[in-house]
Amino acid sequence: DGGITQSPKYLFRKEGQNVTLSCEQNLNHDAMYWYRQDPGQGLRLIYYSQIVNDFQKGDIAEGYSVSREKKESFPLTVTSAQKNPTAFYLCASSIRGEGVNPPQHFGDGTRLSIL
Amino acid sequence: QKEVEQNSGPLSVPEGAIASLNCTYSDRGSQSFFWYRQYSGKSPELIMFIYSNGDKEDGRFTAQLNKASQYVSLLIRDSQPSDSATYLCAVDGEPTDKLIFGTGTRLQVFP
């Protein structure tokens, strides 16, 4: 079964702690994305990667970091510098587009809360 | 800064009716348009995507794109209570290899 797996489903962060959210896909997609969704809000892009070993900042990258060492994996670290981390975090992936954006497909998400 | 606007709703329609959801966008050069359905507490699910002016149909769903007027619509025919969800519109961002999402329209279909 092809898909995008995010883990854990729920995560709690203590003050001053870094936490890492996992995102793995077996769709053979080149592009991967991380979004944050706050209640009643649309999705805001944190980081994205079109190819292994390369990634770009999105609109709200401050306080977050990513790596893309493997095509299948795009982990997101929420650092202690992110002062308001409570949100629903969504990972997505797509094929690489040529001229137009291809559809993005989402994992089930991780809910992060502060203890 | 590119923008995508949606009426937050709720849009209430009776079962069996046509639900019409609208989205406007700010950049005349946008090329890619997507509709996602999001149930409460769940992740977004792709419903439709459209790249060319006109209509694109898939089952009970029709996406309508009008680039001259800078809007994209989603029509849901024979609406069912199971269609009750928030519908997110997404359009090319800047740079164009990313998407900008609207805040969504909440649809309620009552029996």
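Each chain gets a letter, A, B and so on, in the order its sequence line appears, and its residues count up from 1.
B:F101 and B:L74 fall into different hydrophobic clusters, where Ile, Leu, Val, Met, Phe, Trp and Tyr are joined by side-chain heavy atoms under 4.5 Å apart, directly or via other members. Taken together through direct or relayed side-chain contacts under 4.5 Å among Ile, Leu, Val, Met, Phe, Trp and Tyr, B:F110 and B:L21 form parts of separate hydrophobic clusters. Clustering ILVMFWY residues whenever any of their side-chain heavy atoms sit less than 4.5 angstrom apart, transitively, puts A:L76 in a cluster other than the one holding A:F88. Under the 4.5 Å side-chain heavy-atom criterion for ILVMFWY residues, a single connected hydrophobic cluster contains both B:L65 and B:F61. Hydrophobic cluster membership differs between B:L107 and B:Y71, with clusters built from Ile, Leu, Val, Met, Phe, Trp and Tyr side chains linked at under 4.5 angstrom.
Counting heavy-atom pairs closer than 4.5 Å to chain A, the top-ranked of the candidates B:F34, B:F49, B:F33 is B:F34. Interface remark: of the candidates B:L46, B:L99, B:L88, B:L99 forms the most heavy-atom pairs closer than 4.5 Å to chain A.
Distance check, rounded to the nearest 0.5 Å: CG of A:L45 to CD1 of B:I100 gives 8.0 Å.
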Between chain B and chain A, identify all donor-acceptor pairs below 3.5 angstrom, including backbone and side-chain atoms.
residue	atom	partner	partner atom	Å
B:S32	OG	A:N101	N	2.8
B:Y36	OH	A:Q104	N	3.2
B:Y36	OH	A:Q104	O	2.7
B:Q38	OE1	A:Q37	NE2	3.0
B:Q38	NE2	A:Q37	OE1	2.8
B:G41	O	A:R111	NH2	3.4
B:S43	OG	A:G107	O	2.9
B:Y51	OH	A:N101	O	2.7
B:D92	OD1	A:N101	ND2	2.5
B:T96	O	A:N101	ND2	2.4
B:D97	O	A:Q50	NE2	3.4
B:D97	OD1	A:Y48	OH	3.1
B:D97	OD2	A:Q50	NE2	3.4
B:K98	NZ	A:D59	OD1	3.0

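For A:L90, the part lying near chain B is the side chain, with the backbone staying farther off; criterion is any non-hydrogen pair under 4.5 Å.
Atom CG of A:L27 has more than 12 heavy atoms from other residues, nucleotides or ligands within 6.0 Å.
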